[in-house]
Amino acid sequence: PIKAPESVSTIITAESIFYKGVYYQIGDVVSVVDEQDGRTYYAQIRGFIQDQYCEKSAALTWLIPTQASPKDCFDPASYIIGPEEDLPRKMEYLEFVCHAPSEYFKSRSSPFPTVPTRPEKGYIWTHVGPTPAISIKETVANNL
């Protein structure tokens, strides 16, 4: 008899996956139900992992509700970004909620500098409305 070769652990990362009829992408919001208290918690997917047995998992960043968050549904505008989870969760425990860009919950007042993904236009402060020509002439004449 010939022994089967030992399995080698391989991990494949992906930007998107198809799982049980749903197309998931990085940035999508999913819900997780806690077995202990039965409450629903929301998270944003930051990456996907597939092991050698084709078991799919997702790395999550938790979303924290604010006082404006409704109790009966998910409103993305009322949540803020929370902690990143270290261990990936199996896709079978996640339920799709909505699509969202990966930077949707990014802190707008981050203490750390962020690199923009596209060029930002520069703005020049200026006076709004017409500038009277008389005041310009008087300023120039007085300085001569």
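Since we're looking at a predicted model, the values are computed, not measured. The figures here come from the full heavy-atom set of this structure, side chains too, leaving out hydrogens, waters and symmetry mates.
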So, using side-chain contact (heavy atoms from CB on, under 4.5 Å) as the criterion, who are the partners of Pro70 when residues are at least two apart? Asp72, Cys73, Asp75, Ser78

State which residues pass side chain to side chain donor-acceptor pair (under 3.5 Å) with Ser16; sequence neighbours excluded, sorted by chain then number. Tyr23

Which residue pairs satisfy the ring-ring contact (aromatic ring centres under 6.0 Å, His included) criterion with at least one member in residues 81-100, sequence neighbours excluded? Tyr24-Phe96, Phe96-His99

Say you draw a straight line from CZ of Phe18 to NZ of Lys56; how long is it, rounded to the nearest 0.5 Å? 9.0 Å

To the nearest 0.5 Å, tell me how far Gln50 CD sits from Glu55 CD. 10.0 Å

Tell me every residue that passes side chain to side chain donor-acceptor pair (under 3.5 Å) with Tyr41, counting only those two or more places apart in sequence or in another chain. Asp37

Working to the nearest 0.5 angstrom, can you tell me the gap between Met91 CE and Ile17 CD1? 4.0 Å

Do you know the tightest heavy-atom contact between Val30 and Val97? C-CG2, 3.7 Å

Looking at residues at least two apart in the chain, or sitting in another chain, which of them share a side-chain contact (heavy atoms from CB on, under 4.5 Å) with Ile49? Ile11, Pro88

With a 4.5 Å heavy-atom cut-off, do Pro83 and Ile64 have their side chains touching? yes

I need the Leu60 CG to Asp86 CG distance, nearest 0.5 Å. 11.5 Å

Flag the pair Ser31 / Phe74 as yes when at least one side-chain heavy-atom distance between them is below 4.5 Å, and no otherwise. no

Sequence neighbours excluded - salt bridge (Lys or Arg N to Asp or Glu O under 4.0 Å) pairs with any residue from residues 17-26: none

Could you pull out all residues at least two apart from Glu15 that satisfy salt bridge (Lys or Arg N to Asp or Glu O under 4.0 Å)? none

Heavy-atom nearest pair, Ile45 first then Phe48, reads CG2-CZ, 3.5 Å

Around atom CD of Glu92, are there more than 12 heavy atoms of other residues, nucleotides or ligands at under 6.0 Å? yes

Please name all residues satisfying side chain to side chain donor-acceptor pair (under 3.5 Å) with Tyr19, sequence neighbours left out, ordered by chain then number. none

Applying salt bridge (Lys or Arg N to Asp or Glu O under 4.0 Å), name anything that partners Glu85, two or more places apart in sequence or on another chain. Arg89

Qualifying residues under side chain to side chain donor-acceptor pair (under 3.5 Å), relative to Arg46, sequence neighbours excluded: none

Heavy-atom closest contact (Gly82 atom, Thr61 atom, distance): O-CG2, 3.6 Å

Do Ile81 and Leu63 have side-chain heavy atoms sitting under 4.5 Å apart? yes

Over all atoms of both residues, closest heavy-atom pair of Ala58 and Leu94: CB-CD1, 3.8 Å

